[in-house]
Amino acid sequence: MRTITYDRQGDAAQVLRLSALPDPPAPAAGQVQVRVLARPIRPGDLGGVEGFPGGPPQRFAAPRIPGVEGMGIVESVGEGVRDLRPGQRVAVFPVPGTWSDLVTAPSDLVVPVPEGVSDETAALMLVNPFTLLSLLRAVEDAQHGQTGPVVQTAAGSSIGKVVGAAALKHGFPLVNLVRSATGAEALRQRFPGLPTISTADVDWPEQVQDAVGGQGAQVVLDAVGGSLTRDLAALLADGGTLISYGRLGSGSTPLESLALTPRALTVRGVSIGQWLTRTPEQRAEDVAFATRLAANAPELLEVAARYDLADFAQAIGHVRRPGKSGTVLLTSPTS
Ligand SMILES: NC(=O)c1ccc[n+]([C@@H]2O[C@H](COP(=O)([O-])OP(=O)(O)OC[C@H]3O[C@@H](n4cnc5c(N)ncnc54)[C@H](OP(=O)(O)O)[C@@H]3O)[C@@H](O)[C@H]2O)c1
């Protein structure tokens with residue numbers, strides 16, 4: 001089978017390589033082997049390859065394969081797997097190594113794709129809806145029953161647009177932040193009902209304060225971090241919460257500069273990496289939500305472009321293109 005591997009962290013263009021590996025063995029009891037047809041390139045996948053900013057790049061004794069999400073066709077099932085059968089369309093998460101033609105997964109992490117949901121939508125069907133649910137739970141925790149203004153950064157990202165749609169649906173006051181005037185214009189057209197501000201404007205903090213009514217934001221949902229964190233904390237009302245869930249930006253902000261104690265601010269992280277700590281019942285509810293979203297609002301799971309798995313370097317170049325809309329997929333043939 002074809003697979004993408006890396007044995008040390010570093011620039012993805014330098015450390016990733018296309019390899020031919022023997023097909024994995026037949027699935028063991030309780031496992032399912034999936035022929036992966038499409039998988040997304042997520043910022044988190046590239047973060048794993050490149051390592052944490054400022055941290056020492058790691059070397060690995062055995063090659064690693066990126067990717068934790070994807071969709072495909074069940075190739076074979078192990079003993080005791082009754083509810084999945086060869087030929088069935090499925091999505092998987094969190095299953096390490098989806099940047100391969102074949103992946104083996106525990107059956108409880110394999111989700112049948114509903115009829116009518118396209119392969120491309122199915123490839124994106126789990127991570128962002130689960131992330132949305134995690135972010136909404138974190139916002140609810142931060143609000144203590146009182147709905148105040150929420151500001152989100154990287155609002156034109158795939159997940160940012162899902163959050164925007166949720167804000168309009170549930171009626172919570174959301175202010176969108178993006179990094180460019182063109183990005184702001186595109187998002188205003190998409191969500192005319194939500195204020196959208198570009199951090200390229202010198203007076204963007206004042207624009208945000210006007211948009212939140214001068215009282216400060218109750219919550220900031222942030223995927224940028226770095227040197228922007230200090231400005232974002234300044235947007236919060238006293239007692240507010242900064243929820244960090246991504247690291248798209250550069251630079252850093254010392255914790256001490258945030259005036260956490262005098263302003264009684266909270267900073268917390270949210271990671272989809274914690275999803276397996278949810279109970280089986282909670283996970284089943286999340287899966288039901290994700291499959292409903294894929295069936296009813298596939299436009300929220302937008303594909304930016306598709307590339308064959310072998311063309312991963314071009315695909316990664318596309319992921320990094322400013323102004324890209326949607327998620328880039330890596331594809332494999334059906335056999
Ligand atoms: N914690 C979790 O569990 C979790 C789960 C899913 C996603 N995430 C995070 O959510 C973020 C978005 O992911 P995605 O898949 O939705 O991304 P995406 O669709 O690839 O979109 C990336 C967006 O980030 C913007 N951006 C890139 N660099 C930026 C910078 N330095 N400053 C401001 N904006 C910047 C881009 O703006 P332009 O349009 O201007 O290019 C684009 O809108 C990522 O940080 C990702 O790691 C976290």
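In each ligand, atom 1 is the first atom listed, and ligand 1 is the first ligand listed. Only heavy atoms go into these numbers, but all of them, side chains included; no hydrogens, no water, no symmetry mates.
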Problem set entry | Lys/Arg N to Asp/Glu carboxylate O, Asp119 vs Arg306, below 4.0 Å | no
Exercise. Is there at least one pair of N or O atoms, one from Arg321 and one from ligand 1, spaced under 3.5 Å apart?
Worked result: no
Exercise. By salt bridge (charged side-chain N to carboxylate O under 4.0 Å, His left out), which residues pair with Asp45, not counting sequence neighbours?
Worked result: none
Exercise. Looking only at protein heavy atoms, which one is nearest to atom 10 (O) of ligand 1, and how far off is it?
Worked result: Tyr245 CE1, 3.3 Å
Exercise. Hey, is ligand 1 close enough to Gly273 that some N/O pair sits below 3.5 Å?
Worked result: no
Problem set entry | Contact summary for Ile243 and Val139, nearest pair of heavy atoms | CD1-N, 3.8 Å
For this session: Applying side chain to side chain contact (heavy atoms under 4.5 Å, CB included) between Val111 and each of Thr291, Val92, Leu84, Val90, report the one that passes.
Result: Thr291
Exercise. Considering Gly323, Ser250, Ser157, which one's heavy-atom position lies nearest to atom 23 (C) of ligand 1?
Worked result: Ser157
Exercise. Can you find a non-hydrogen atom of Val270 under 4.0 Å from ligand 1?
Worked result: yes
Problem set entry | Side-chain (Arg8) to main-chain (Pro57) donor-acceptor, under 3.5 angstrom | no
Exercise. Do the rings of Phe130 and Trp275 sit parallel, tilted or perpendicular, given the 30° and 60° boundaries?
Worked result: parallel
Exercise. Looking only at protein heavy atoms, which one is nearest to atom 18 (P) of ligand 1, and how far off is it?
Worked result: Lys324 NZ, 3.4 Å
For this session: Keeping the roles fixed (side chain from Ser198, backbone from Ala200), state whether a donor-acceptor pair exists under 3.5 Å.
Result: yes
For this session: For Gly156, take its heavy atoms, then give the atoms of ligand 1 lying under 4.0 Å from any of them.
Result: 43 (O)
For this session: Run the numbers for me: atoms of ligand 1, each under 4.0 Å from some heavy atom of Gly246, listed by number.
Result: 45 (O)
Exercise. Is the backbone N or O of Val178 less than 3.5 Å from a side-chain atom of Thr199, with the two atoms forming a donor-acceptor pair by type?
Worked result: yes
Seminar exercise, completed: atom 19 (O) of ligand 1 has as its nearest protein heavy atom Ser158 OG, 2.6 Å
Exercise. Considering only heavy atoms of Gly326, which atoms of ligand 1 have at least one such atom less than 4.0 Å away?
Worked result: 19 (O)
For this session: Verify the neighbour count for atom CZ of Arg247: are there more than 12 heavy atoms of other residues, nucleotides or ligands below 6.0 Å?
Result: yes
For this session: For atom 45 (O) of ligand 1, find the nearest protein heavy atom and state the residue, atom name and distance (0.1 Å precision).
Result: Leu248 CG, 3.3 Å
For this session: Note the single closest protein heavy atom to atom 13 (O) of ligand 1, along with its residue, its atom name and the distance in Å.
Result: Pro43 CG, 3.6 Å
Exercise. Hey, is Arg137 close enough to Glu140 for a salt bridge, meaning N to O under 4.0 Å?
Worked result: no
Seminar exercise, completed: re atom 3 (O) of ligand 1, the protein heavy-atom contact at minimum distance is Ile272 N, 2.6 Å
Exercise. Taking atom types as modelled and ignoring hydrogens, do the side chains of Thr3 and Thr5 form a donor-acceptor contact shorter than 3.5 angstrom?
Worked result: no
Problem set entry | For atom 6 (C) of ligand 1, closest protein heavy-atom neighbour | Thr131 OG1, 3.6 Å
Problem set entry | Close-contact set for ligand 1 against Pro322 heavy atoms, below 4.0 Å | 41 (O)
Exercise. Under 4.0 angstrom from ligand 1, any heavy atom of Ala304?
Worked result: no
Seminar exercise, completed: So for Val224 against ligand 1, with non-hydrogen atoms under 4.0 Å, the contacting part is side chain
For this session: Identify the protein heavy atom lying closest to atom 36 (C) of ligand 1, giving its residue, its atom name and the separation to 0.1 Å.
Result: Arg179 NH2, 4.0 Å
Problem set entry | Arg263 side-chain N/O to Leu236 backbone N/O, donor-acceptor pair under 3.5 Å | yes
For this session: Report yes or no: does Gly183 have a heavy atom closer than 4.0 Å to ligand 1?
Result: no
